[in-house]
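These notes are about the structure you will find just below.
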Amino acid sequence: MKVTFWLLDVNYEVRNNEPEIWLWGIDTSGNRVLIIDRKFTAYFYAVVEEAFDPSKVFEEIEQNKADYPFIVKVEAVERKFFGKPVKALKVYCRNPDVMTRYARAFRKIEGIKECFEDDIRYSMRYLIDNDVIPCAWHEVEAVEEEEKKVEVQVDHVYVAESHPKFMEKTDIPNLRVLGFSTICYSREGSPKPERNPVVMISVATNSGEEKQFLAGEDKGDGPVIEAFIDYVQSFDPDIIVGYGVNRQDWAYLNERCKKLGLRFFVDRAKTEPHTSVYGHVSITGRANVDLFDFADEFSEVKVKTLENLADYLGVMKIEKRILIEDVEFADYWDDKTKRELLKQFSMDSTRCIMGVAEAILDFAMQLSSLVSLPLDHVGTAAVGFRVEWFLIKHAQKIGELVPKRVEQPYRPYVGAIVLSPKPGLHENIAVLDFASMYPNLMIAYNLSPDTYVSPKEPVPPGGFYEAPEVKHRFRKEPPGFYKEVLSHLIGVRDEIRSKMKAYARDSVEYRVLDARQKAVKVITNASYGYAGWIGARWYIKPVAEAATAWGRHTIINAIKMAEEEGLKVVYGDTDSIFIKYEPEKVERLTARICGKLGLEIKPDKVYTRIFFTEAKKRYAGLLPDGKLDIVGLEVIRGDWAAIAKKLQEKVLEIILKEQSPQKAAKFTQQFIYELRQRRVPFRDLIIWKTLTKPVEEYAVKASHVEAAKMLIEKGWKLAIGDKIGYVVVVGTGRLYERVKPYMFASYNEVDIDYYVTNQIVPAAARILESFGITEEQLLTSKVEDKERETRRLTDFFGS
DNA sequence: GCAGCCCTATTACCT
DNA sequence: ACAGGTAATAGGGCTGCG
């Protein structure tokens, strides 16, 4: 029979040296199905010396077959390696788990140069070779198997008679989504599974059900976890979502179960959650998605807590939440009057998870299908690996061998050009942007690992492009691997975007297409970075180096042409130029640039007024709709206290809208006064900085590191990448000797002078010094005390 | 002992 | 654990100073 299914998860099993691919999915009737495919044989490649007759090596392998009992077949094939034709043997192995060992042995055989692709996991090999795509529909000829069904939680188990075939069908089935969050009880700092129970688990489903499992007064968590397991099994979700679960909750629950003698079966095949590739926790037959892994997509959210992300995405405003720190959980649990608040906090966390999942899952699924990484680990894979899997998929199609990852020394190279801005205010400035500059340069000049012509090589027959300055050469013909992939991606994105126009913005179709075009954009934009990444399998430094060289050449020429049109360039960075907006001239210019440089440039936006500091990469512009565009300045930095950011934003607004430095200076003085009265919220004084390495590895003493040490001292468990929030308190000595984690400090010990001189004044002076207002002037207020009393900041901010 | 200078470590931004 | 270019702060070493 024919089974049509949407692929949710994939895993493989090897029993008696016979592998099976397990494809977990949902069929068109909404049945949960498992399709078992036993018909796919793993393989690796052994590249042989050009001079050797492959059949001779072939014979040698045949003769020594006893050494390699799992080899089922060897065939001579033609492949490419970095674009150059190579002879190879394709060695098929019955048991995929022996390939790395075999490949190592093969390298010692006379006539074999190198082995490839033994490092591609069997399940990924299966997906890529058979064009089986995660989060997409397929059709398969299969027979039902009753016997297996008792062991797995699905409606039907099928054995595939042939490999599934991808189907163009873009809808997403009705998936069951379950979200959860946990509360652990600890009076000794961060909870440890060997001693601290999970006193609360809050779950919610996309069918609208909410549940809480609570420990009794003895805090025994056996029943809590059992109830959770039962609930998961009975709801039988396709996707389980959480926040930080890959790092925390799953391992914790696993450990608790071990301690309590419980079997932690929340999957569809009676196995326990286990950590797998790229650090994701795998729940067989379901997709475990940790939304934290997608938080990086939202750079505007500086401190990546669930609450902040939910607030940003409009899921639940942070003001509406009761926020409870992890270390306070025990107090809230023990105090009967506060336990209700803890319950509400926990339930709200799960509600936030469900809301964030709603906002992210479409994108996650589209990214998953685009790069072919299963949904549960596309999030945990770093950007470089997402790009790489996308490339591997294409390499397979064109017969390009996948290079091994080899350790490379870090060798920096020259990047983009940034112009010094003309400081001060400018009116009516247009920003011209080259669209997807690096990808388009790679297409235009055929920059690719397989088109690079090294200095030792002769001139290729079809000619070559030579990058300016660096003089790297690339064959004009045939089109390289990157050119094909990137042209395809850019074409697909345009296609999607034009399709989107047919749908209403709030329709399901629009949302799915939008998620798809975003995924395509992310991969396209990361391609240049991938090319210059020393960890890349296809790393060839000249490819990245030539891209930036062509970029510099392009922008320099664009500037020249702008000046020829009589348009003065006031700023530019990498792929953009800022010029006076004179419509006819701009139109002529863009046409000329496109014609001469072969790259599209178009006006991105026009600022009614723009302000540049002396520094590059820091400016603020006023848009026609009255909105401010603030770039690089303290306002958008996460490591300045909110008071400094809010004040600077207000200063910029006064400058750009009213052009009154005097008013801005007065406002600053007033603000300082209000701050000295401690009339600003305490949380606005917190400074957040990331811990980028273990505290003991820092070469110099730093505020956030000292604060982190205090947290560790009190039992906090900190990880690399965590943001430390601290405030500066009164005292003597170095700054780092006068900081405290914000939760340990009270408002009255805060060193207001520090905030005035090191936060408020620099942030305001950054802008106002351009207008002749000094730091001293900001500090010596001429505002009469009486006026201060009457003119509160509410006059500016509203109340 | 400390102001002043310079360099370095560190973080976070821009494209 | 995708690139290089850039700004900015604070630490820390050093000099010179009654």
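Sequence lines set the chain letters: A, B, ... in the order given, protein chains first and strands last, and positions in each chain run from 1. Just so you know, these numbers come straight off a predicted model, no measurement behind them.
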Is any side-chain N or O of [X] closer than 4.0 Å to OP1 or OP2 of [N]?
| X | N | result |
| --- | --- | --- |
| A:K617 | C:dA7 | no |
| A:Y619 | B:dT15 | yes |
| A:Y736 | C:dG12 | yes |
| A:Y698 | B:dT11 | yes |
| A:N758 | C:dA8 | no |
| A:H704 | B:dT10 | no |
| A:R618 | C:dA7 | no |
| A:R637 | B:dT10 | no |

Residues of residues 683-695 of chain A with a heavy atom under 4.0 Å from any atom of DNA chain B, listed by number, are A:K689, A:T690, A:T692, A:K693
Per the under-4.0 Å heavy-atom filter, residues of residues 541-561 of chain A near DNA chain B come out as none
Of A:K646, A:R766, A:K645, the one forming a salt bridge (charged side-chain N to carboxylate O under 4.0 Å, His left out) with A:E634 is A:R766
Using a 6.0 Å cut-off, check whether atom CD of A:E614 has over 12 heavy atoms from anything other than its own residue.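 Incorrect, the count does not exceed 12.
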_Check this for me: A:E300, atom CD, are more than 12 non-hydrogen atoms of other residues, nucleotides or ligands nearer than 6.0 Å?_
yes
Can you confirm whether or not the ring centre of [X] sits under 6.0 Å from the ring centre of [Y]?
| X | Y | answer |
| --- | --- | --- |
| A:Y482 | A:Y445 | no |
| A:W538 | A:F390 | no |
| A:Y530 | A:Y539 | no |

So what does A:R405 touch, heavy atoms closer than 4.0 Å: a base, only the sugar-phosphate, or nothing?
nothing
A:S372 and A:W389: side-chain contact (heavy atoms from CB on, under 4.5 Å), yes or no, with the steps?
CA-CA 7 Å; A:S372 276; A:W389 279 110; 5.7 Å; no
Worksheet item: Can you check whether A:I429 reaches A:Y571 side chain to side chain, under 4.5 Å on heavy atoms?
Response: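 No, every pair of side-chain atoms sits at 4.5 Å or beyond.
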* Asked: Between A:Y452 and A:R473, does a side-chain contact (heavy atoms from CB on, under 4.5 Å) hold up when you go through it step by step?
  -> CA-CA 6 Å; A:Y452 175 58; A:R473 299 177 299 167; 5.9 Å; no
